[in-house]
Amino acid sequence: MSRTHRTAAGALKAEHSHTYTHPVSAQDTDTLTREEQQVDFAQILDAESPWQVIVWNDPVNLMSYVAYIFRSYFGYSRARAEELMLAVHHNGKAIVFTGSKDEAQKHTSALHGYGLMATFEKMEG
């Protein structure tokens, strides 16, 4: 598209207006490469796969305290909390939660705050 107008000196000057489009590379688009898609898919699967929180036996906390934390923090019944506490005591560990990675991280951190030895890991299989 062209327009003409007079300059301050009175001469006619043509102006050209057009849209410049530059070549678009794969990096400039919202489209992911196959490798990026595989990485993102793996991260999604990793985050959505079941994770578990494990409480480990320690020589410090009383069994009654561990059962109390299971009841007050997770809301387990007295029977379930005692069952898990006895698993920790006799087997050295118990899985106290299974769910998303984010939730497992949150619960592990909270249990640390109560002085319990806890870890989280991706469920096998």
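- Between Phe97 and His107, the ring-plane angle classifies as perpendicular under the 30° and 60° cut-offs.
- Neither side chain, Gln105 nor Thr108, offers a donor N or O lying under 3.5 Å from an acceptor on the other.
- Around the OH atom of Tyr76, the shell of radius 6.0 Å holds more than 12 heavy atoms that belong to other residues, nucleotides or ligands.
- Under 3.5 Å, the side chains of Trp56 and Thr119 contain a donor-acceptor pair of N or O atoms.
- In plain terms, the two heavy atoms of Thr98 and Pro50 that are nearest each other are CG2-CB, 4.0 Å.
- In terms of modelled atom types and a separation under 3.5 Å, the side chain of His112 and the main chain of Ala118 share a donor-acceptor contact.
- No path of Ile, Leu, Val, Met, Phe, Trp and Tyr side chains, each step under 4.5 Å between heavy atoms, connects Val60 with Val88, placing them in separate hydrophobic clusters.
- Here OH of Tyr68 is found 13.5 Å from CG of Asn61. Values are rounded to the nearest 0.5 Å.
- Within the 3.5 Å criterion, the main-chain N or O of His90 finds no donor-acceptor partner in the side chain of Asn57.
- Note that CH2 of Trp51 is 4.0 Å distant from NZ of Lys101, once rounded to the nearest 0.5 Å.
- A distance of 12.0 Å separates CD1 in Ile54 from CG in Leu111, rounded to the nearest 0.5 Å.
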Criterion salt bridge (charged side-chain N to carboxylate O under 4.0 Å, His left out) on Lys106 and Glu103, from CA distance to verdict: CA-CA 5 Å; Lys106 178 185 82 166; Glu103 290 175 306; 5.8 Å; no

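- Between Ala87 and Ala94, the shortest heavy-atom distance links the atoms CB-CB, 3.8 Å.
- For the pair Val55/Met117, no side-chain contact is recorded, criterion being any heavy-atom separation below 4.5 Å from C-beta on.
- Atom CD1 of residue Ile95 and atom CD of residue Gln52 lie 3.5 Å apart, to the nearest 0.5 angstrom.
- Atom-to-atom distance recorded for Met63:CE and His89:NE2 is 4.5 Å, nearest 0.5 angstrom.
- Inter-residue side-chain proximity for Phe70 and Leu116 is flagged as met; some heavy-atom pair is nearer than 4.5 Å.
- Among all heavy-atom pairs drawn from Ser77 and Arg71, the shortest one is O-CG, 3.9 Å.
- To the nearest 0.5 angstrom, Met85 atom CE is 12.5 Å from Arg80 atom CZ.
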